[in-house]
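All of these numbers come straight from a predicted model, not from anything done at the bench.
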Amino acid sequence: MSLSHQSPSSDITLRINGTDHPLTIDNRTTLLDVLRERLGLTGTKKGCDHGQCGACTVLIDGERVNSCLMFAVTAEGREIVSIEGVAELDGGAGLHPVQRAFLDHDGLQCGYCTPGQICSAIGALGEARRGWPSHVTENTAAGVADAAELDAQEVRERMSGNLCRCGAYNGIVEAVLEAAGASADGTATASTSGGAR
């Protein structure tokens, strides 16, 4: 009697950075592993593989997702954007405003967590534009009026799922505030941010 079994697999098409990718994959394969191992999109990093560090953050339908916790088969029919595609969210004429802000404010050191930080920041700003509150929002029922009203405390809370072992947090907060069109004290400044739709 043979105890071997065959893993169930599926034929799917994933839309990633505006391109359709037909794939046959084991149903247990994570989106992270498909991005890195099958499609060569290695900008998305494998950190903890447990959804605790945020290095694998991508955008799905404009919302941030830890790709290490998502089975790839569940992403079929959705718009997936990895770090390689974020510039296209702002028209593709250069870097996305969040990418530019990270450079301008030294929001990175070794760079390993940076792709996840940038995708998470774009997703967080989209959430704020939709009025979503965070744990530190003063009036959670009312939410926030706009991303430009975020302050440093709000940004720290909203980005708390993304860890940086180098400790570039001050630069990350400043970059997200600039991209939001806000200042550290929560007052609006001129915004140049494009964002998740």
Has [X] got a side-chain atom pairing as donor or acceptor with [Y]'s backbone, closer than 3.5 angstrom?
{"X": "Ser120", "Y": "Gln117", "result": "no"}
{"X": "Asn162", "Y": "Gly54", "result": "yes"}
{"X": "Glu88", "Y": "Gly85", "result": "no"}
{"X": "Ser67", "Y": "Leu31", "result": "no"}
{"X": "His105", "Y": "Gly107", "result": "no"}
{"X": "Arg165", "Y": "Cys113", "result": "no"}
{"X": "Asn66", "Y": "Leu69", "result": "no"}
{"X": "Arg36", "Y": "Thr42", "result": "yes"}
{"X": "Glu149", "Y": "Val144", "result": "no"}
{"X": "Tyr112", "Y": "Lys46", "result": "yes"}

Practice task
Answer yes or no: is there a side-chain heavy-atom contact under 4.5 Å between Asn17 and Leu41?
Solution key: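 Yes; the side chains approach each other to less than 4.5 Å.
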Exercise for the section: For residues Asp90 and Val98, determine if any side-chain heavy atom of one lies less than 4.5 Å from a side-chain heavy atom of the other. Expected result: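 They are not in contact (no side-chain heavy atoms under 4.5 Å apart), so the answer is no.
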Handout entry: Steps toward side-chain contact (heavy atoms from CB on, under 4.5 Å) verdict (Leu39, Leu23)
Key = CA-CA 10 Å; Leu39 299 176; Leu23 299 160; 4.0 Å; yes
Practice task
Write down the atom of Pro133, the atom of Thr140, and the distance for their closest heavy-atom approach.
Solution key: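 Shortest heavy-atom separation between Pro133 and Thr140 comes out as CG-O, 3.4 Å.
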Exercise for the section: Identify the heavy atoms of Cys119 and Leu59 that sit nearest to each other, and give their distance. Expected result: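 In this case the closest contact between Cys119 and Leu59 is O-CD2, 3.3 Å.
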Practice task
Using a strict 4.0 Å threshold on nitrogen-to-oxygen distance, state whether Arg100 and Glu178 make a salt bridge.
Solution key: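 No, this pair does not count.
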